[in-house]
S.K.: 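Starting off with a structure, shown below.
All heavy atoms count here, side chains included; hydrogens, waters and symmetry mates do not. Everything numeric in this text was worked out from a predicted model, so none of it was measured.
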Amino acid sequence: MRSVGVGALMAGDPLLSVRDLHVRFATERGDVNAVNGVSFDLHEGQTLAIVGESGSGKSVTAKTLMNLLPRSARVSGEVTYGGHDVRALAAAGTKHFFGVQMTMVFQDPMTSLNPVKRVGEQIAETLRYHLGRSRSEARSEAVELLDTVGVPEPARRVRQYPHELSGGLRQRVVIAMALACRPRLLIADEPTTAVDVTVQKHLLDLLDDLRRRRGMSMILITHDLGVARGRADDVAVMYAGRVVETADADTLFADMRHPYTEALLRSIPRIEDPVHHRLDPIQGRPPESIDPPEACAFAPRCAYAQSDCLNGVPELDGLLGLHRFACLHPTGTERGAAAMSANQAAGVTAAGMPVGGDR
Amino acid sequence: MAGSGRAQLRGRDDVLLEVKDLVVHFGAGRRRVVHAVSGVSFDVAEGETLGIVGESGCGKSTVARAIIRLVDITAGEVLFEGRDLAGLEGEELRRVRPRLQMIFQDPISSLNPRRRVRDVIAEGLAVWGDDIGSWSHDRIDELMEAVGVEARHGDRRPHEFSGGQCQRIGIARALALDPKVLICDEPVSALDVSIQAQILNLLQDMKRRYGLTVLFISHDLAVVKNVSDRIVVMYLGKVCEIGSTAEIYSRPAHPYTRALLASIPEPAAAVAADEGDIGDELPSATAPPSGCRFHTRCPRATEVCREVEPVTEPIGDGDHYIACHHPVAVDITARSR
């Protein structure tokens with residue numbers, strides 16, 4: 001056995017569990033707090049979508065799991081995978097864990113593939129290094145893998161170079177590489193952001209199908225709430241390095257509580273909206289992650305903000321696995337409604353943002 | 001789809017920009033030719049917003065660039081204010097360019113990083129100032145405030161602003177010369193979701209305030225629907241379908257338009273989810289398919305589609321044209337709009 005295996009999980013035990021993860025980068029201008037206390041569980045066969053904008057910490061969280069952060073990153077917190085302490089495995093330089101048990105697909109297939117190597121060789125390389133396959137075994141397995149991910153004429157395609165393939169096919173090759181060692185967990189970081197909508201649909205269908213057939217778990221990282229809605233069992237919404245709301249997908253979209261989740265969903269143009277429908281944007285822009293004030297990070301842009309939002313960071317309330325949100329005046333509650341009407345009456349929030357205007 | 005034809009040209013008096021049989025070829029070495037745009041026709045009335053949608057490689061950005069002559073036109077006409085831009089050269093071309101301005105997808109790389117943003121916005125005025133009458137720095141302040149960037153930040157350089165702020169600056173630069181036509185090439189694709197809506201609303205406000213006619217290019221069908229009065233759907237350098245936004249979204253007749261509408265994560269109600277299954281292999285633009293260029297992926301394709309190129313024809317009784325041998329039945333008895 002060349003890889004760190006996962007024993008049979010106890011019933012109800014998660015495959016992956018993350019507790020109070022913090023990631024900090026030292027820069028010339030000061031420490032950047034990229035991830036500030038993220039916790040979640042992922043069960044076998046489930047898909048968790050992590051949704052956020054650039055700078056929310058969603059990709060840094062994924063890279064932490066995969067041990068892909070630069071040395072300058074300071075990490076604290078616990079990551080457990082099938083009973084193993086993932087950060088200890090990383091520190092021990094364990095060879096056949098990352099990329100075997102747990103693999104990742106990145107946004108841009110062109111940068112994850114070696115441009116001067118035939119795609120078949122790139123897949124075979126993984127099989128030979130991690131699983132000790134012979135040259136010929138690896139070659140025929142590469143063809144099978146391309147077939148599995150829906151690449152037409154796989155026997156011909158293995159001999160091609162990345163530039164000879166379309167964007168959609170390249171991303172399929174990357175997925176084939178990620179699947180080569182039969183991972184239990186696949187992390188897909190914006191896997192369809194660089195491709196067209198027609199291709200996006202096929203790739204998401206493929207990932208979903210593979211997850212089901214192979215009983216894999218998946219973390220889908222995306223900025224697109226629409227993608228999360230259709231494809232995930234659970235959704236975690238991140239803002240400024242924190243999970244601000246998390247629930248199963250149906251609950252989150254039907255009964256959201258965090259004003260950021262609500263504002264994000266409202267700001268997106270939807271295909272069923274009337275033509276020239278005036279959009280409802282989120283005011284301002286995401287906060288700096290250097291020296292953030294001890295306050296709710298969304299408060300400056302939040303129509304519900306009260307003075308207590310500016311004194312301390314709200315906790316993510318509720319039990320792990322249930323609907324949790326970090327907000328003192330949640331939307332859809334009496335407290336939220338009271339906060340909103342107070343702000344509307346005043347014409348301004350406690351953080352000084354005008355309410356009721358437009359722009 | 002994959003059609004030529006001019007049936008969609010309306011010939012109205014208020015048409016400001018008319019593109020007729022536009023062809024753009026690029027050389028690809030070894031005597032190969034990329035057929036980027038192959039006989040595209042449409043018109044844009046004054047004050048209208050025309051959206052152009054399609055997958056990457058469909059030629060939508062090339063059409064936009066050809067109109068303002070950022071790429072060479074192989075054949076066809078671009079009529080603007082009674083003149084054919086395709087034939088203009090030298091000083092004549094230079095003089096017409098301030099009338100058509102463009103904003104780009106990547107807001108940061110489209111601004112010169114070494115210059116202060118005030119100078120970036122003012123550059124066109126500094127060049128053209130004598131020709132368009134007097135101007136002063138008040139004009140720059142006014143533009144900056146109009147697009148939502150504080151004028152006191154005018155001495156900063158582009159890297160000191162976020163992507164959304166840079167796109168606002170790009171819009172101010174485009175508006176400085178008081179253009180008639182604003183061409184927006186994927187203006188919000190590189191922006192965060194929460195910022196996209198701000199920029200889309202700003203573009204609507206600027207359109208009203210400065211009386212602009214807009215060409216809006218995007219791959220995002222929901223964004224295009226939001227901003228456009230009329231839509232052109234393109235595929236591999238050809239027009240598939242063109243018409244009023246309401247028609248295209250409520251009664252899409254071209255199989256390709258329907259596939260696009262079915263592919264988005266939350267598909268449009270007018271189409272069935274399986275209509276998005278058209279494969280993900282775009283044929284090469286160096287050797288485009290015969291007949292209808294979409295036939296290799298089209299679920300309705302027959303022999304005639306492989307052999308005969310469809311031309312645009314009106315469909316239904318609204319503002320709606322389609323180039324397809326087998327359009328999806330549109331209920332023409334339904335109330336138009």
S.K.: Which one wins on heavy-atom pair count under 4.5 Å against chain A: B:S228, B:A259, B:G276, B:G163?
M.R.: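 The candidate making the most pairs under 4.5 Å is B:S228.
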S.K.: So which heavy atom on B:D229 is nearest to which on A:H276, and how close?
M.R.: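 Scanning both residues, the minimum pair turns out to be OD1-NE2, 2.6 Å.
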S.K.: Are more than 12 heavy atoms from other residues, nucleotides or ligands located less than 6.0 Å from atom CZ of B:R209?
M.R.: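 Result for CZ/B:R209: enclosed.
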S.K.: A:D196 side chain to B:E55 main-chain N or O, any donor-acceptor pair under 3.5 Å?
M.R.: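 Side chain of A:D196 to backbone of B:E55: no pair is present.
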S.K.: Could you tell me which portion of B:D220 (side chain, backbone, both or neither) has an atom closer than 4.5 angstrom to a non-hydrogen atom of chain A?
M.R.: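 The answer is neither part of B:D220.
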S.K.: Going by heavy atoms in the side chains, are A:P269 and B:L200 under 4.5 Å from each other?
M.R.: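 Touching, per the 4.5 Å side-chain cut-off.
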S.K.: Out of curiosity, A:K201 NZ to B:L260 CG, how far, rounded to the nearest 0.5 Å?
M.R.: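 Atom-to-atom, A:K201:NZ and B:L260:CG are 12.5 Å apart.
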S.K.: Among B:A262, B:S263, B:S56, B:G54, who wins on heavy-atom pairs under 4.5 Å with chain A?
M.R.: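 Looking at each of B:A262, B:S263, B:S56, B:G54 in turn, B:S263 comes out on top.
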S.K.: How close do A:V275 and B:T245 get, heavy atom to heavy atom, and via which atoms?
M.R.: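 Between these two residues, the closest heavy atoms are CG2-CG2, 3.5 Å.
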S.K.: For A:I282, does its backbone N or O pair with a side-chain atom of B:Q198 as donor and acceptor, under 3.5 Å?
M.R.: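 Yes, the answer is positive, given that a donor and an acceptor are paired below the 3.5 Å cut-off.
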S.K.: Report, by ascending residue number, the residues of residues 226-239 of chain A in heavy-atom contact with chain B at a distance under 4.5 Å; give 'none' if the set is empty.
M.R.: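 Counting heavy atoms that sit under 4.5 Å from chain B, the residues of residues 226-239 of chain A involved are A:G226, A:V227, A:R229.
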S.K.: For chain A, which candidate among B:S189, B:A197, B:G57, B:S162 shows the most heavy-atom pairs at distances under 4.5 Å?
M.R.: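 Among B:S189, B:A197, B:G57, B:S162, the one with the most close pairs to chain A is B:A197.
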S.K.: Minimum heavy-atom separation for B:R297 to A:T198, with atom names?
M.R.: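 So the minimum-distance heavy-atom pair works out to NH2-OG1, 3.7 Å.
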S.K.: Where the side chain of B:Q196 meets the backbone of A:I268, is there a donor-acceptor pair that is under 3.5 Å apart?
M.R.: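 A pair under 3.5 Å: no.
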S.K.: Please round to the nearest 0.5 Å and tell me the distance separating atom CG of B:L202 and atom CG of A:L279.
M.R.: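 So the gap between those two atoms works out to 12.0 Å.
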S.K.: Taking all atoms of both residues into account, what is the closest heavy-atom pair of B:D205 and A:R278, and its distance?
M.R.: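 Closest pair (atom of B:D205, atom of A:R278, distance): OD1-NH1, 2.9 Å.
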S.K.: Report the residue from A:S267, A:S56, A:S54 that forms a side chain to side chain donor-acceptor pair (under 3.5 Å) with B:D192.
M.R.: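 That would be A:S54; it is the only one of A:S267, A:S56, A:S54 passing the side chain to side chain donor-acceptor pair (under 3.5 Å) with B:D192.
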S.K.: Sort A:R301 into side chain, backbone, both or neither according to what part of it lies under 4.5 angstrom from a heavy atom of chain B.
M.R.: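 Side chain only.
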S.K.: Is it the case that atom CZ in A:R159 sees more than 12 heavy atoms from other parts of the structure closer than 6.0 Å?
M.R.: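 Not more than 12 within 6.0 Å, no.
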S.K.: Please state whether the side chain, the backbone, both or neither of B:I199 comes within less than 4.5 Å of a heavy atom of chain A.
M.R.: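 Neither the backbone nor the side chain of B:I199 comes within 4.5 Å of chain A.
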S.K.: Using side-chain heavy atoms (C-beta onward) and a distance below 4.5 Å, is B:P265 in contact with A:Q200?
M.R.: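 In short, these two side chains touch, coming nearer than 4.5 Å.
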S.K.: Rounded to the nearest 0.5 Å, what's the gap from CG on B:L221 to CZ on A:R270? Could you check?
M.R.: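 If I round to the nearest 0.5 Å, the distance is 14.5 Å.
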S.K.: Verify whether one side chain among A:R285 and B:S194 offers a donor that lies under 3.5 Å from an acceptor in the other.
M.R.: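 The criterion, which ignores hydrogens and geometry beyond distance, is not satisfied for B:S194 and A:R285.
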S.K.: Given heavy-atom pairs under 4.5 angstrom as the criterion, report whether the side chain, backbone, both or neither of B:E266 touches chain A.
M.R.: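 Both parts, backbone and side chain.
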S.K.: Is the side chain of B:N226 donor-acceptor paired with the backbone N or O of A:H277 at a distance under 3.5 Å, no angle test?
M.R.: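 Yes, B:N226 side chain to A:H277 backbone: donor-acceptor pair under 3.5 Å.
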S.K.: Non-hydrogen atoms of chain A under 4.5 Å away: do they reach the side chain of B:V227, the backbone, both or neither?
M.R.: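 Contact with chain A: backbone only.
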